[in-house]
**Q** 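Below are the structure tokens for one structure; questions will follow.
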Amino acid sequence: LISTMARQARATESRKISSELFTLTYGALVNQLVKDYESDVEVNKQLDKMGYNIGVRLIEDLLARSNVGRCHDFRETAEVISKIGFKTYLGVTPTIANWSGGYDEFSLILDHNPLAEFVEIPDDHKKLFYSNILSGVLRGALEMVSCLFTPTKSKRFDNICTVN
Amino acid sequence: MSGNYFFVIVGHNDNPVFRIEFSKSGESSTRREDHRHLNEFVAHAALDHVDETMWTTTAMNLRIVDKFNEWFVSAFVTASRMRYVILHDVKNEDGIKNFFQDVYELYIKASMNPFYRVNTQIESPMFKRKVLTLGKKHLLG
């Protein structure tokens with residue numbers, strides 16, 4: 001059963017959609033949330049919730065496509081997230097940095113964030129974490145493989161997006 | 001008084017979306033205040049000419065569409081019917097053409113920002129900075 005699913009996944013892998021359509025869709029989504037909720041903190045929460053729902057489903061798809069086995073330690077998990085997860089779905093590989101002392105906290109730094117192309121956050125939304133959906137996705141995905149994920153922050157800093 | 005340019009982007013309701021002045025330095029500030037009102041008036045008056053000329057050609061760059069005393073008015077209409085109008089007192093066709101093209105590209109990127117509503121004022125300081133650089137490069141250089 002797993003092998004037929006993997007074969008199907010490989011067949012759909014070559015279907016591409018325009019990245020601009022994706023960026024504009026995400027932008028419209030965030031814009032609408034901002035209009036509806038008015039508070040940046042609330043919008044961040046909603047983005048995280050949406051990301052979580054995406055993440056719990058996405059992890060199944062990822063594992064079916066990539067055949068990666070169990071990770072032996074957290075460092076391996078970080079590598080898989082960056083080189084396989086992000087690469088497959090967003091086409092970018094974030095750098096892993098800022099490991100904490102006990103190797104249980106790290107940062108992912110995205111030099112080029114396809115979600116936020118052309119986006120300039122206006123001054124009245126300084127607390128908005130534009131790409132907060134990513135932190136939700138990671139939380140959902142990692143929870144499904146029984147790893148507790150506590151996001152400390154996810155923010156856009158000039159052109160570099162950091163997820164902790 | 002040569003090498004002065006007044007650039008304005010006009011929206012669909014004849015509202016100014018963005019305006020900026022370029023001049024070789026050395027003009028007193030009081031004279032510039034008077035000129036600013038005149039510039040806006042002349043640009044507005046030229047809009048009718050722009051609209052007429054727009055339908056006669058398929059090109060976006062309309063070049064010189066009107067003249068007022070010593071000011072020439074050049075215009076450029078984008079695909080989404082945003083009108084770029086430049087008031088200038090020296091003919092600088094190539095410079096203005098390149099300026100229009102580059103500002104058009106900048107405008108497209110700015111309008112892709114989901115937080116920007118089309119036809120509203122462009123507040124982004126980055127946009128203003130880039131237009132200033134383009135102006136210095138193509139118009140004053």
Side-chain angles (χ1 to χ4, degrees), chain A residues 17-44 46-48 50-51 90-92 110-134 136 154-161, chain B residues 7-22 60-61 76-85 98-139:
Chain A
I17 88 167
S18 146
S19 73
E20 272 174 18
L21 178 60
F22 176 62
T23 309
L24 289 176
T25 307
Y26 186 69
L29 175 77
V30 177
N31 200 18
Q32 197 56 50
L33 280 177
V34 166
K35 285 205 185 101
D36 289 343
Y37 285 100
E38 286 179 32
S39 133
D40 288 350
V41 176
E42 194 53 48
V43 174
N44 293 337
Q46 293 299 322
L47 283 176
D48 183 77
M50 291 196 297
L90 288 180
V92 289
L110 289 141
D111 283 325
H112 168 243
N113 183 359
L115 288 176
E117 286 214 53
F118 308 123
V119 175
E120 233 182 276
I121 300 194
D123 287 332
D124 46 355
H125 293 287
K126 289 207 173 78
K127 293 224 195 85
L128 180 68
F129 293 156
Y130 189 81
S131 310
N132 208 34
I133 203 167
L134 293 177
S154 149
K155 66 174 189 210
R156 184 163 194 272
F157 184 76
D158 282 347
N159 288 327
I160 303 177
C161 178
Chain B
F7 171 60
V8 61
I9 301 184
V10 187
H12 294 148
N13 303 319
D14 291 352
N15 52 313
V17 164
F18 180 78
R19 55 164 97 75
I20 195 170
E21 277 173 36
F22 301 103
M60 287 200 216
N61 189 6
F76 179 98
V77 184
T78 72
S80 53
R81 226 174 39 88
M82 296 302 281
R83 291 161 288 184
Y84 300 170
V85 177
N98 294 329
F99 178 75
F100 276 149
Q101 273 294 113
D102 287 345
V103 172
Y104 184 33
E105 263 176 64
L106 260 186
Y107 176 75
I108 294 179
K109 294 200 183 117
S111 63
M112 296 269 270
N113 180 3
F115 292 110
Y116 171 68
R117 264 182 64 214
V118 187
N119 263 326
T120 56
Q121 287 262 18
I122 297 185
E123 312 274 346
S124 152
M126 198 178 69
F127 184 80
K128 180 162 183 191
R129 238 184 304 139
K130 290 200 175 143
V131 175
L132 257 174
T133 324
L134 285 176
K136 290 206 183 100
K137 182 169 136 200
H138 293 300
L139 302 176

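In what follows, every heavy atom counts, from backbone to side chain, and hydrogens, waters and symmetry copies are set aside. Computed from a predicted structure; not experimentally measured. A note on names: the letters A, B, ... follow the listed sequences, proteins ahead of strands, and every chain is numbered from 1.
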**Q** Is there a side-chain contact between A/Val30 and B/Phe115, using heavy atoms and a 4.5 Å cut-off?
**A** yes
**Q** If you look at every heavy atom in A/Ala28 and B/Pro114, which pair is closest and at what distance?
**A** N-CB, 4.3 Å
**Q** With a 4.5 Å limit on heavy-atom distance, are the side chains of A/Glu117 and B/Met112 in contact?
**A** no
**Q** Measure across B/Asn113 and A/Val119 and return the closest heavy-atom pair with its distance rounded to 0.1 Å.
**A** OD1-CA, 3.8 Å
**Q** Is the CD atom of A/Glu42 crowded by more than 12 outside heavy atoms at less than 6.0 Å?
**A** yes
**Q** Just wondering, more than 12 heavy atoms not from A/Gln46 lying within 6.0 Å of its CD?
**A** yes
